[in-house]
Amino acid sequence: MSVRFGDFTALDHIDWTVAGPGVIGLIGLNGAGKTTLIRAVLGLQRVGAGVVRVPIGLGAIGYCPDTPGFEPWLSAREVLEQSLAIGPGRRAGRVSVDATLESVDLARHAHRRAGGFSRGMLQRLGIAAALVRQPEVLILDEPTSALDPEGRAAVLALIRELGERMTVVFSSHLLADVEDLADRLLVLHRGHTVFTGDTATFRAEHATPPTLRIALRGGRTVEAAAPQWGSTLAEVSAHAADIDDIEISRGSLADAFFTAIGERS
Ligand SMILES: Nc1ncnc2c1ncn2[C@@H]1O[C@H](COP(=O)(O)OP(=O)(O)OP(=O)(O)O)[C@@H](O)[C@H]1O
């Protein structure tokens, strides 16, 4: 599908299918089209050409924006009750409000007002408000961008756990988080798809190969990119060189990302 704003094409022939449990990272520079894509999937953005199909129904999609906001006088419990009461379609088999608050580690704050919550707590409350409706797909827009290291670790752990039983799509500029969590990726650049598929495949195609670095006594360093490690090790061993240090560096997702979008620029 494509989305245009006047003369500007924000998304150009995006062909993307999401199915099954797992964590999918949606990455791209500012303006790449991530939010527009999420809005199109949620039915909030009109699609100019093509079509978005949601066979499970919009009611089966949970969504949490990057900075979820709630009426400050509502308690965490009331926020979830409100989420159950409104929105598209009634869904069968909803989990209880208490169990949902427990799952995001907010049970002990159930009766506190959202107005007094920290950013991390609000993020988890936003995820809970989506989860209480028992979605099959959960979409999170930059879920960790506003969080301190502790809040971020808690949300990442929650995403990892949720990904075992549902589809979680999350957009992020924090590529270390994506690298940590996402088994699949959609990489966008200026409204075009750069890659869609397994994270491991993306890294294999675009990251620099793993490099072996051996520091020898006396200050000399030998270096070899995979798969030439065998001959380097043999050379070191043949000279009976004393080894001070061995390091293996692997190309990060960030490396792969910049290589991939560089090839498209
Ligand atoms: N309502 C709109 N009217 C005009 N242009 C828009 C509108 N919404 C988005 N755009 C443009 O579409 C492009 C994609 O925007 P989008 O917000 O989807 O990017 P993004 O990848 O989410 O960026 P960011 O990482 O900054 O959130 C941008 O160039 C943006 O200016």
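All values below were derived from every heavy atom in this structure, side-chain atoms included, with hydrogens, water molecules and symmetry-related copies excluded. Atoms within each ligand, like the ligands themselves, are counted from 1 in listed order.
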>> Applying ring-ring contact (aromatic ring centres under 6.0 Å, His included), can you list everything that pairs with F257, at least two apart in sequence or on another chain?
In response: none
> Is it true that R217 and D244 make a salt bridge, defined as a side-chain N closer than 4.0 Å to a carboxylate O?
Replying inline: yes
> So, are K34 and E142 salt-bridged, with charged N and O less than 4.0 Å apart?
Replying inline: no
Contacts table for residues 120-127: side-chain donor-acceptor under 3.5 angstrom, sequence neighbours left out:
residue, atom, partner, partner atom, Å
R124, NH1, V104, O, 3.0
R124, NH1, D105, O, 3.4

> List by chain and number: which residues place a heavy atom under 4.0 Å from ligand 1?
Replying inline: F5, F8, A10, L29, N30, G31, A32, G33, K34, T35, T36, H173
> Hey, are D66 and S145 close enough side-chain-wise for a donor-acceptor pair under 3.5 Å?
Replying inline: no
>> Which residues pass the side chain to side chain donor-acceptor pair (under 3.5 Å) test with R112, not counting sequence neighbours?
In response: H109
